[in-house]
Undergrad: 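Dumping the structure here so I can ask a few things about it.
Within every chain, numbering begins at 1; the chains are lettered A, B, ... in the order of the sequence lines, protein sequences first and strands thereafter. Quick caveat: nothing in here was measured; it's all calculated off a predicted structure.
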Amino acid sequence: MLQLISKKIILLIPILLFFYSCDDITRDNILDPKNPDSYRQFIITVDAFVNTNNSLPYNEYLLSALDQLEINYPNRISIAEYHRNAGGIDDTLEVNEIEPLYNLYLNGVNSSIKGVPDVFINGIAARVQGASSAANALFRLEEAIVPLLSENSFFTIEPKLKWENNTLNISAKIARLGSSSANDIIVKAVIVEMIDQLYHKRVVRKIIRSNEFSNFGHGEQEDVELDPYPGDVNADLNVILSVTSKDELTVHQSIEVTVP
Amino acid sequence: MKKTFYFLIILILICSVSCDPNLFKDEEKKAPDVSEIFTSGNSNFTVIPGETVKFWVTATDPEGGTLSYSWGVNGGTMQSGTQSDTLVWRAPSVGGATYKLEVDVTNEFKTTSREEDLTVLAFSAPTVEIISPAENAFVVQYVPIVVSAEVIPNVQISEVQFFINDSLLDSKLAQIQDSTFYRFNWNVNTPAVQTEIKIKAIRVTNVSGTDSILVKVEGIVPGKN
């Protein structure tokens with residue numbers, strides 16, 4: 001009888017030890033959302049408003065600079081080209097959502113002067129308007145982006161993309177990192193298409209926004225499902241997913257994924 | 001008894017007042033009649049650095065007495081005549097300042113004063129420095145900016161001119177406020193190339209100083225549609 005009790009105790013010890021040790025694990029992994037010191041590298045969003053139908057070379061200078069920027073900072077920036085009508089010249093790639101977003105940004109920086117190329121970085125954290133050469137445009141873009149690269153992000157985004165009956169279903173798991181909660185945020189998906197390799201590499205086709213999260217506690221995770229995108233399965237698409245403030249003027253994190 | 005005492009006091013007071021012959025009469029004495037100050041130089045009292053100039057007044061004494069003169073200038077050199085009706089004064093060798101010239105003419109009873117501002121013209125070029133935008137700055141086409149410059153010393157400046165690529169865009173005739181800064185609005189309606197901004201400050205003596213910088217105008221396709 002005593003032997004049987006001893007055997008049971010011996011069996012219980014590892015189980016107790018297991019639970020005891022689990023309790024004691026310190027949350028010191030910076031990738032662990034529950035760790036109050038967790039963070040991710042910031043992926044910078046670059047929203048470039050352009051018109052490539054006019055005869056002036058400024059927009060092409062800027063687009064060339066963006067190509068070089070992407071090479072200089074691999075996996076650190078997400079670029080979207082918002083084609084819009086300007087200077088009396090229509091850009092056939094303009095879509096409905098672009099002008100309201102441009103107006104939103106202009107109001108955010110208290111400017112009434114429209115003109116492309118016009119680049120907004122991480123919402124309205126920085127703005128680079130105009131170009132006189134690709135080299136000058138690159139210089140100005142880097143000047144605006146480099147300080148932002150050293151900032152940490154306290155959101156992580158795990159996207160899930162799936163085609164179903166010629167419709168792209170877009171969802172993501174969002175987690176709040178760090179030690180503070182976030183208020184009034186949305187998740188935004190920008191569908192970009194590579195139309196050609198010259199000046200239409202990241203043409204915005206659609207902007208899809210989630211409902212608002214009024215409070216997102218630290219360590220909290222949410223599954224977000226966005227409206228599906230009815231597109232061409234053969235198109236060369238990328239999706240830029242970002243967590244932004246409700247007014248879209250501040251970007252907290254972004255990620256760019258290739259549509260399978 | 002009391003009445004007598006007060007009567008005596010009043011009598012003493014009246015007597016002591018009347019004993020001073022000038023007590024009431026002094027107000028009737030007249031100050032010297034003095035003309036404005038005349039000069040052998042420019043009638044608006046501007047002189048060139050190092051120039052020797054005479055200043056004088058004509059004065060009469062309504063009281064028929066003798067007049068005395070006292071001249072003063074807070075700069076330059078009073079060479080002779082500081083106690084006479086004519087002062088000989090030499091301007092400082094460096095221009096660009098204004099001095100106060102004063103003369104007091106006194107008779108036995110009163111003094112009459114006259115004064116003028118003496119401007120010593122500046123013949124050295126003013127220093128001009130463009131404060132903003134910075135050299136090689138990027139400016140966006142059609143987006144207005146303020147070009148500001150400092151002019152030192154900001155004296156005797158008749159005009160400050162603002163040029164873009166040697167074309168005069170604007171000028172300011174005089175600095176209204178007591179500041180060394182001049183500001184111009186520029187709409188940046190120039191081609192998207194390297195562009196020269198020049199500010200030129202011109203003195204009343206026609207001597208001028210300039211500063212110029214190059215900026216890069218970044219082109220845009222403007223407007224909504």
Undergrad: Please determine, among A/S111, A/G130, A/P57, the option with the most heavy-atom pairs under 4.5 Å with chain B.
TA: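 So the answer, after comparing A/S111, A/G130, A/P57, is A/G130.
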
Undergrad: Has B/Q79 got more than 12 heavy atoms of other residues, nucleotides or ligands less than 6.0 Å from its CD?
TA: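 Buried by this count: over 12 neighbours within 6.0 Å.
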
Undergrad: Given heavy-atom pairs under 4.5 angstrom as the criterion, report whether the side chain, backbone, both or neither of A/N136 touches chain B.
TA: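 Both parts, heavy atoms under 4.5 Å.
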
Undergrad: Can you check whether A/I113 reaches B/P222 side chain to side chain, under 4.5 Å on heavy atoms?
TA: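 They are not in side-chain contact.
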
Undergrad: So, taking the atom named CD1 in B/I220 and the one named CZ in A/F49, what distance separates them when rounded to the nearest 0.5 Å?
TA: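 Interatomic distance, B/I220 CD1 to A/F49 CZ, rounded to 0.5 Å: 14.0 Å.
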
Undergrad: Would you find more than 12 non-hydrogen atoms of other residues, nucleotides or ligands less than 6.0 Å from A/E225 atom CD?
TA: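 Not more than 12 within 6.0 Å, no.
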
Undergrad: Got more than 12 heavy atoms from elsewhere within 6.0 Å of CG, B/N44?
TA: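 Enclosed.
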
Undergrad: Under 4.5 Å between any side-chain heavy atoms of A/Q129 and B/Q141, yes or no?
TA: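 They are not in side-chain contact.
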
Undergrad: Counting only heavy atoms not in A/N110 (residues, nucleotides, ligands), do more than 12 fall under 6.0 Å from its CG?
TA: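 Check fails, neighbour count at 12 or below.
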
Undergrad: To the nearest 0.5 angstrom, please state how far the CD atom of B/Q194 sits from the OG atom of A/S133.
TA: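 The OG atom of A/S133 is 10.5 Å from CD of B/Q194, to the nearest 0.5 Å.
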
Undergrad: Hey, mind stepping through B/V221 and A/N51 against side chain to side chain contact (heavy atoms under 4.5 Å, CB included) and telling me if it holds?
TA: CA-CA 8 Å; B/V221 180; A/N51 177 305; 5.5 Å; no

Undergrad: Grab the two heavy atoms, one from B/G219 and one from A/P117, that are nearest each other, plus how far apart they are.
TA: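 Heavy-atom minimum between the residues: O-CD, 3.9 Å.
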
Undergrad: Using every non-hydrogen atom in the two residues, find where A/S132 and B/V217 come nearest and quote the distance to one decimal.
TA: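 For A/S132 versus B/V217, the nearest heavy atoms are CB-O, 3.4 Å.
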
Undergrad: Would you find more than 12 non-hydrogen atoms of other residues, nucleotides or ligands less than 6.0 Å from A/N75 atom CG?
TA: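 Count not over threshold, so no.
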
Undergrad: CD/B/E218 to OH/A/Y61 distance, rounded to the nearest 0.5 angstrom?
TA: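 If we round to the nearest 0.5 Å, B/E218:CD and A/Y61:OH are 10.5 Å apart.
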
Undergrad: Non-hydrogen atoms of chain B under 4.5 Å away: do they reach the side chain of A/N59, the backbone, both or neither?
TA: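 Looking at A/N59, just its side chain touches chain B.
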
Undergrad: Can you tell me if NZ on A/K206 sees more than 12 non-hydrogen neighbours from other groups inside 6.0 Å?
TA: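 Not more than 12 within 6.0 Å, no.
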
